[in-house]
Amino acid sequence: MPKKVPEQIIRLGIVISIIFGSVALTLYLLPPALKDKPFHRRSTILAETAKPIQFAGSNACADCHDDKYQQKKTGYHRNLSCETCHGPAAEHAADPITIKPFVARERRGCPTCHEYDPSRPTGFPQINPTIHNPLQPCVTCHNPHDPVPPRTPEECAACHAGIVRTKAISSHALVACTTCHTVPEKHKITPRIIRPTKPETRDFCGKCHAKGAPVVDAPKIDLSTHWEKYVCWQCHYPHLPAERL
Ligand code: HEC
Ligand code: HEC
Ligand code: HEC
Ligand code: HEC
Ligand code: HEC
Ligand code: HEC
Ligand code: HEC
Ligand code: HEC
């Protein structure tokens with residue numbers, strides 16, 4: 001005797017045929033115009049192209065604002081379009097005297113891209129707008145069309161104030177930072193990407209502190225017996241060497 005089909009399979013079959021049936025019925029009832037794919041593509045394109053063009057593109061601005069165009073071309077903002085900051089300006093390009101584009105002179109505009117945000121790529125110039133030279137508009141100090149990196153800080157103290165203050169009262173006060181660290185000029189512009197060197201061996205400190213080293217003022221130790229298994233800065237903080245760790 002053939003086995004009986006289970007009841008739940010029959011119910012499932014009924015539900016599926018109702019779904020397929022109603023889809024087929026809906027397709028059958030729809031007017032043909034609504035099912036004409038090429039017609040839909042055509043009309044969408046027509047509707048989009050009928051909209052007024054709002055952006056003119058940076059090259060269009062060059063015709064009348066060649067000075068700004070040339071300034072921006074080689075600067076840090078070279079990859080920004082004029083209309084990123086000035087808004088859509090096609091109408092202005094067509095009728096420059098009566099229609100003026102938007103000019104963001106206040107501080108609000110620039111932090112859209114430059115406010116500190118940890119998700120931005122390393123090295124992207126970021127600031128904290130509440131403490132970075134507050135109250136004045138950004139454009140009093142930075143030219144928006146050629147934001148040259150402002151003067152690079154001369155002194156290590158601009159960024160390593162704590163270390164500089166500590167060393168200034170230590171017995172290494174007269175040993176310059178650059179005696180122990182070779183600092184590429186670019187470290188002051190992109191400090192996290194271009195890094196200075198740090199001493200790596202005991203012999204480095206030995207240049208002044210080993211017995212017989214020519215620096216008279218530096219107290220001497222015997223490199224071969226003075227805790228020879230360790231590097232010096234495991235015990236002496238180099239920026240405050242009298243303090244033993
Ligand atoms: C056909 C010439 C022409 C074109 C093209 C043109 N401009 Fe202008 N633009 C002018 C003139 C003229 C002025 C008015 C100068 C004035 O009033 O002193 C002006 C003024 C401006 C101003 C200053 C507005 C203000 O309130 O001070 C901005 C910003 C500006 N244009 C941006 C643009 C941008 C961006 C483009 C490209 C999308 C562009 N312009 C294209 C001629 C042009
Ligand atoms: C990073 C944003 C930014 C970009 C990109 C930018 N501008 Fe500007 N632009 C400004 C700001 C901000 C001012 C107002 C400057 C001021 O008041 O000192 C300004 C001022 C102007 C002015 C008025 C001139 C004046 O001295 O008052 C013109 C014209 C102008 N921009 C054209 C352009 C053109 C053309 C481009 C593209 C080649 C461009 N800008 C790209 C932000 C930008
Ligand atoms: C649409 C995003 C955007 C806006 C808005 C913008 N910038 Fe920039 N800015 C950039 C980019 C991108 C760079 C180049 C970064 C690089 O080279 O890594 C840059 C670079 C800079 C630098 C160079 C920093 C350095 O030392 O490397 C300064 C300063 C600067 N912008 C100031 C401004 C000011 C002021 C404004 C407002 C008038 C402004 N930016 C608006 C995207 C923007
Ligand atoms: C009073 C002048 C002044 C004003 C106003 C000012 N800046 Fe600066 N900005 C500087 C100087 C100077 C530096 C160089 C670094 C330093 O010494 O702090 C700098 C550095 C920068 C840098 C580079 C930071 C880096 O890490 O490379 C950016 C980006 C920047 N400023 C954006 C802005 C923005 C955006 C505003 C407005 C919200 C603004 N600045 C307002 C003077 C100014
Ligand atoms: C514009 C700010 C700035 C200036 C100016 C600057 N530094 Fe730095 N320096 C930094 C930053 C930021 C770091 C990275 C700190 C971190 O990642 O913890 C750093 C790291 C270092 C390091 C550690 C490198 C490493 O791999 O651990 C040394 C050493 C150093 N700086 C020495 C100097 C000396 C010496 C000077 C002066 C000649 C100087 N720096 C000037 C910002 C600066
Ligand atoms: C006598 C040599 C010497 C001098 C002078 C010196 N450093 Fe260092 N510095 C070192 C050594 C060694 C280390 C590595 C310490 C470690 O790895 O624990 C170091 C580490 C650093 C670091 C990494 C962070 C830290 O605290 O360990 C920075 C930043 C730094 N030095 C900045 C400076 C600055 C700025 C000056 C000048 C004010 C300076 N150093 C002067 C020897 C020196
Ligand atoms: C350019 C020479 C020079 C170099 C390199 C140097 N020092 Fe010195 N150091 C001195 C001088 C000079 C003094 C003593 C200054 C004084 O007492 O007037 C000194 C003092 C010290 C003292 C004694 C501190 C005290 O007051 O008791 C220690 C510890 C010391 N250095 C450790 C180090 C270590 C660790 C290094 C390597 C990271 C190092 N030094 C690299 C020149 C140097
Ligand atoms: C394990 C820890 C340790 C290490 C590593 C170490 N020191 Fe010392 N250092 C000391 C102690 C503790 C003293 C003080 C007692 C003494 O004089 O032995 C001292 C004293 C000194 C003095 C002062 C001597 C005087 O006459 O005033 C100098 C200079 C010195 N160390 C340099 C170095 C140098 C350079 C290195 C690396 C080659 C180094 N130390 C490695 C622990 C250490």
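Atoms within a ligand are numbered from 1 in the order they appear, just like the ligands themselves. Note that the coordinates shown come from a computational prediction; the quantities given were computed from them, not determined experimentally.
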Margin query: With respect to atom 8 (Fe) of ligand 5, please indicate if His160 possesses an N, O or S atom at a distance under 2.8 Å.
Written below: yes
Next item on the list: Would you mind listing which atoms of ligand 5 come within a distance below 4.0 Å of any non-hydrogen atom of Glu155?
Entry: 5 (C)
Notebook entry, point to check: Once the angle between the rings of His172 and His209 is folded into 0 to 90°, is it parallel (under 30°), tilted (30 to 60°) or perpendicular (over 60°)?
Noted result: tilted
Item checked: Proximal atoms of ligand 8 relative to Val231 (non-hydrogen, under 4.0 Å) -> 5 (C)
Notebook entry, point to check: Lys198 to ligand 6: N or O pair under 3.5 Å?
Noted result: no
Notebook entry, point to check: Based purely on interatomic distance, does Lys188 place a nitrogen or oxygen under 3.5 Å from a nitrogen or oxygen of ligand 5?
Noted result: no
Next item on the list: Would you confirm whether Lys167, through its side chain, and Val175, through its main-chain N or O, come within 3.5 Å as a donor-acceptor pair?
Entry: yes
Check: Looking at Cys232, which atoms of ligand 8 are within less than 4.0 Å of one of its heavy atoms?
Finding: 34 (C), 35 (C), 36 (C), 37 (C), 38 (C), 39 (C), 41 (C)
Item checked: Atom indices of ligand 5, in the order listed, that fall short of 4.0 Å to a heavy atom of His181 -> 29 (C)
Margin query: Which of the numbered atoms in ligand 8 are under 4.0 angstrom from any heavy atom belonging to Cys235?
Written below: 1 (C), 2 (C), 3 (C), 4 (C), 5 (C), 42 (C), 43 (C)
Checklist line | Ligand-residue contact atoms, ligand 8 with Leu223, heavy atoms, under 4.0 Å | finding: 38 (C)
Item checked: Side chain Lys72, main chain Leu80, donor-acceptor under 3.5 Å -> yes
Check: Looking at Val175, which atoms of ligand 6 are within less than 4.0 Å of one of its heavy atoms?
Finding: 5 (C)
Item checked: Contact partition for Tyr237 relative to ligand 6, non-hydrogen atoms under 4.0 Å -> side chain
Next item on the list: Treat each ILVMFWY residue as a node, draw an edge where side-chain heavy atoms are under 4.5 Å apart, and state whether Leu12 and Phe20 are in one component.
Entry: yes
Item checked: atom 27 (O) of ligand 6 touched by protein (heavy atom, under 4.0 Å) -> no
Item checked: Shortest non-hydrogen separation from Ser17 to Gly13 and the atoms involved -> OG-O, 2.7 Å
Notebook entry, point to check: Is Cys177 close enough to atom 8 (Fe) of ligand 6 to have an N, O or S atom under 2.8 Å?
Noted result: no
Checklist line | Sub-4.0 Å atoms of ligand 6 with respect to non-hydrogen atoms of His172 | finding: 1 (C)
Note to self: At a threshold of 2.8 Å, where the distance has to be below it, does atom 8 (Fe) of ligand 8 have an N, O or S atom of His226 nearby?
What the structure shows: yes
Margin query: List ligand 6 atoms under 4.0 Å from Val164, heavy atoms only on the residue side.
Written below: 38 (C)
Item checked: Test side-chain contact (heavy atoms from CB on, under 4.5 Å) applied to Glu83 and Gln54, step by step -> CA-CA 10 Å; Glu83 289 159 296; Gln54 302 196 19; over 6 Å; no
Next item on the list: Assess whether side-chain contact (heavy atoms from CB on, under 4.5 Å) is satisfied between Cys232 and Phe204, documenting all intermediate values.
Entry: CA-CA 10 Å; Cys232 318; Phe204 179 85; over 6 Å; no
Note to self: Among all protein heavy atoms in this structure, tell me which lies nearest to atom 6 (C) of ligand 6, with the distance rounded to 0.1 Å.
What the structure shows: His239 CD2, 3.4 Å
Notebook entry, point to check: Should you measure from each heavy atom of Pro191, which atoms of ligand 5 turn up under 4.0 Å away?
Noted result: 10 (C), 11 (C), 12 (C), 42 (C), 43 (C)
Item checked: Under 4.0 Å to a heavy atom of Val183 - the qualifying atoms of ligand 5, by number -> 34 (C), 35 (C), 38 (C)
Checklist line | Taking atom 42 (C) of ligand 6 as the reference point, the nearest protein heavy atom with its distance | finding: Pro238 CB, 3.5 Å
Note to self: Looking at Lys35 and Leu27, would you say the former's side chain and the latter's main chain have a donor-acceptor pair under 3.5 Å?
What the structure shows: yes
Item checked: Residue that, paired with Thr225, satisfies side chain to side chain contact (heavy atoms under 4.5 Å, CB included) out of Ile221, Leu223, Asp222 -> Asp222
Notebook entry, point to check: Closest non-hydrogen protein atom to atom 15 (C) of ligand 6, residue and atom name please, with distance?
Noted result: Trp233 CD1, 3.9 Å
Notebook entry, point to check: Ile163: heavy atom below 4.0 Å from ligand 6, yes or no?
Noted result: yes
Check: Cys205 heavy atoms, cut-off 4.0 Å: which ligand 8 atoms fall inside?
Finding: 35 (C)
Notebook entry, point to check: So, Asn59 and Tyr69: side-chain donor and acceptor under 3.5 Å apart, yes or no?
Noted result: yes
Checklist line | Parallel, tilted or perpendicular: rings of His181 and His239 (30°, 60°) | finding: tilted
Item checked: Side-chain donor or acceptor of Glu48 paired with backbone N/O of Ile45 under 3.5 Å -> no
Notebook entry, point to check: If we only count N/O pairs under 3.5 Å, is Thr197 in contact with ligand 5?
Noted result: no
Check: Numbering the atoms of ligand 5 from 1, which are under 4.0 Å from a heavy atom of Cys159?
Finding: 1 (C), 2 (C), 3 (C), 4 (C), 5 (C), 42 (C), 43 (C)
Item checked: Option nearest atom 24 (C) of ligand 8 (shortest heavy-atom distance, choices Cys208, Pro219, Ser224) -> Pro219
Notebook entry, point to check: Mind checking whether Val5 and Ile14 sit in one hydrophobic cluster, side chains of I, L, V, M, F, W, Y counted as touching below 4.5 Å?
Noted result: yes
Notebook entry, point to check: If only atom types and distance count, is the side chain of Arg165 paired as donor or acceptor with the main-chain N or O of Ala157 below 3.5 Å?
Noted result: no
Checklist line | Under 3.5 Å: donor-acceptor pair, side chain of Lys220, backbone of Cys208 | finding: yes
Next item on the list: Nearest heavy atom to atom 40 (N) of ligand 8 wins, so pick from Glu228, His236, His209.
Entry: His236
Note to self: For Pro137 versus Thr140, what's the shortest heavy-atom pair and its separation?
What the structure shows: O-OG1, 2.6 Å
Margin query: Using ring centroids (six-membered ring only for Trp), state whether His114 and Phe124 fall under 6.0 Å.
Written below: yes
Next item on the list: Check each heavy atom of Ala176 against ligand 6 and say whether those closer than 4.0 Å belong to the side chain, the backbone, both or neither.
Entry: backbone
Next item on the list: Look at His187 and state whether any of its N, O or S atoms is less than 2.8 Å from atom 8 (Fe) of ligand 5.
Entry: yes
Notebook entry, point to check: What residue and atom, counting heavy atoms only, is the protein's closest point to atom 2 (C) of ligand 6, and at what distance?
Noted result: Cys180 SG, 1.9 Å
